[in-house]
Protein chains: 2
Amino acid sequence: MEGRKVYGTLSSPATLKVMACLCEHDLDFEFVPVDLDAGEHKKKPFLSMSPFGDLPVYQDKGVTQFESRAIIRSMAHEHAKPGGLELIFWDAKQQAVVANWVDVEDHWFEPPALVLIDELIIKPKKGLDPDPQIVSEAKARLSKVLDVYEAQLTKKKYLAADKFTIADLLHLPNLERLMNTTAKNLIESRPHLSSWCADILARPAWAKVRQMQKKAQAN
Amino acid sequence: MEGRKVYGTLSSPATLKVMACLCEHDLDFEFVPVDLDAGEHKKKPFLSMSPFGDLPVYQDKGVTQFESRAIIRSMAHEHAKPGGLELIFWDAKQQAVVANWVDVEDHWFEPPALVLIDELIIKPKKGLDPDPQIVSEAKARLSKVLDVYEAQLTKKKYLAADKFTIADLLHLPNLERLMNTTAKNLIESRPHLSSWCADILARPAWAKVRQMQKKAQAN
């Protein structure tokens, strides 16, 4: 049987989320880089795996998945180690709360975060100026979301529970990048959010992903 | 213990999706209408259940959830009847495919569908004209998605499997409304998609939801 494969790029947050989940579960995988500049993701062989041309693609045991949150959800259920690392719950009520916060990251946190990352990191790298109006609107949107997070993190240590779950893991790549922008203040000014952010960014599995990123950039 | 409650509106697709899932599983629930015109969803008592002011809210056994797909996911796992109605799979590989198509509905199908519904149904109801440019762009986006659906439905009877799952159920309210617009052609011109659409819209549970809608409109 062929091993696990992740087709993606080390700049794609969705790819990094899947890699973080693999590292949390200590799972070996092969990383297959996709050449976005050459438009590889919009051409035939890739489209046969990911019909919308979206990254990453994950293959394991003959199953191909192309939606990152679905990949992470399934992986965390399949590879949970009872009594050890479990990024999900088996109890229906507790897992319902995790599912809720997974969708919050998808629908509320990531959209303004991606706008800010685009304006404050990606555009400047291309020699373009950020649009102050867009930045200020996205910061206002993100602030409202972070108020909800701060309130939630006052009640629980992590978003969905007192343990780290996939709902927290999904935030890693975008949180990491936001912390390298002026949006950092939005996080640091909220004490529970700030501790949560420092805590999850310090996870050894995330350090492993960053190591892979650095190694690839050095090559 | 208090019974199940759905706080929402009968015009909100997310509310209708949750009701369809309740009806599929033959679960009793109380429907609590939220007065959007009075801004009830943006005020205190509602915001304490749904911090982003989003509909619907679902309460069961002391757990409050406000993300419709998370509600449906948990409900379908909790109330699956082995050997009877199961809108999910217990096999990890098969459930991974369901999870993938749940996220496809969320990220690819619903966004252009909602634009079309807004332009072709909601705006005309308010006496406004649809914007032909927006309509044509949304139809082009939706067409590409429906090409992927047609290809998938050539391989399987339903989106994720040869049985009806939550991935199909999530499409019901928006499909129903699209079929009442000029976007109907996009569905009917694709034979497998067209059969799938007719099949899922004919489910008795969906008929029950429509009945509730009609009854509420008549009052």
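Numbers restart at 1 for each chain; the letters A, B, ... are given by sequence-line order, proteins then strands.
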Heavy-atom proximity to chain A below 4.5 Å, by part of [X]:
| X | value |
| --- | --- |
| V145(B) | both |
| R73(B) | side chain |
| V104(B) | both |
| D147(B) | neither |

- Check whether any side-chain N or O of N100(A) sits under 3.5 Å from a backbone N or O of E67(B) as a donor-acceptor pair, and report yes or no.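 Between the backbone of E67(B) and the side chain of N100(A) there is a qualifying donor-acceptor contact (under 3.5 Å).
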
- Within the distance-only criterion (no hydrogens, no angle test), does the side chain of K61(A) pair as donor or acceptor with the backbone N or O of K93(B) below 3.5 angstrom?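 Checked: no pair found.
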
- Determine the option with the most heavy-atom pairs under 4.5 angstrom with chain A, choosing from Q95(B), R69(B), E78(B).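 Going by pairs under 4.5 Å, I would pick R69(B).
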
- If every non-hydrogen atom of Q65(B) is compared with every non-hydrogen atom of A96(A), which pair is closest and at what distance?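 Closest approach of Q65(B) to A96(A): NE2-O, 3.1 Å.
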
- Message: With a 4.5 Å cut-off on side-chain heavy atoms, are D103(A) and F66(B) touching?
- Response: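 Side chain of F66(B) against side chain of D103(A), heavy atoms only: no contact under 4.5 Å found.
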
- Item | Leading residue by heavy atom contact count with chain B [cutoff under 4.5 Å; candidates H77(A), H107(A), Q152(A)] |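 Top count of heavy-atom pairs under 4.5 Å with chain B: H107(A).
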
- Item | Among P51(A), S68(A), A70(A), residue most engaged with chain B (heavy-atom pairs, under 4.5 Å) |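 Counting heavy-atom pairs under 4.5 Å, the top option is A70(A).
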
- Query: Just wondering, more than 12 heavy atoms not from K44(A) lying within 6.0 Å of its NZ?
  - Reply: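 Not more than 12 within 6.0 Å, no.
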
- Task: Could you tell me whether K184(B) atom NZ has more than 12 heavy atoms of other residues or ligands within 6.0 Å of it?
- Result: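 Atom NZ in K184(B) is not crowded, with 12 or fewer foreign heavy atoms closer than 6.0 Å.
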
- Spell out the residues in residues 157-176 of chain B that have some non-hydrogen atom less than 4.5 Å away from a non-hydrogen atom of chain A, in order of number; otherwise answer 'none'.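 Listed by number: none.
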
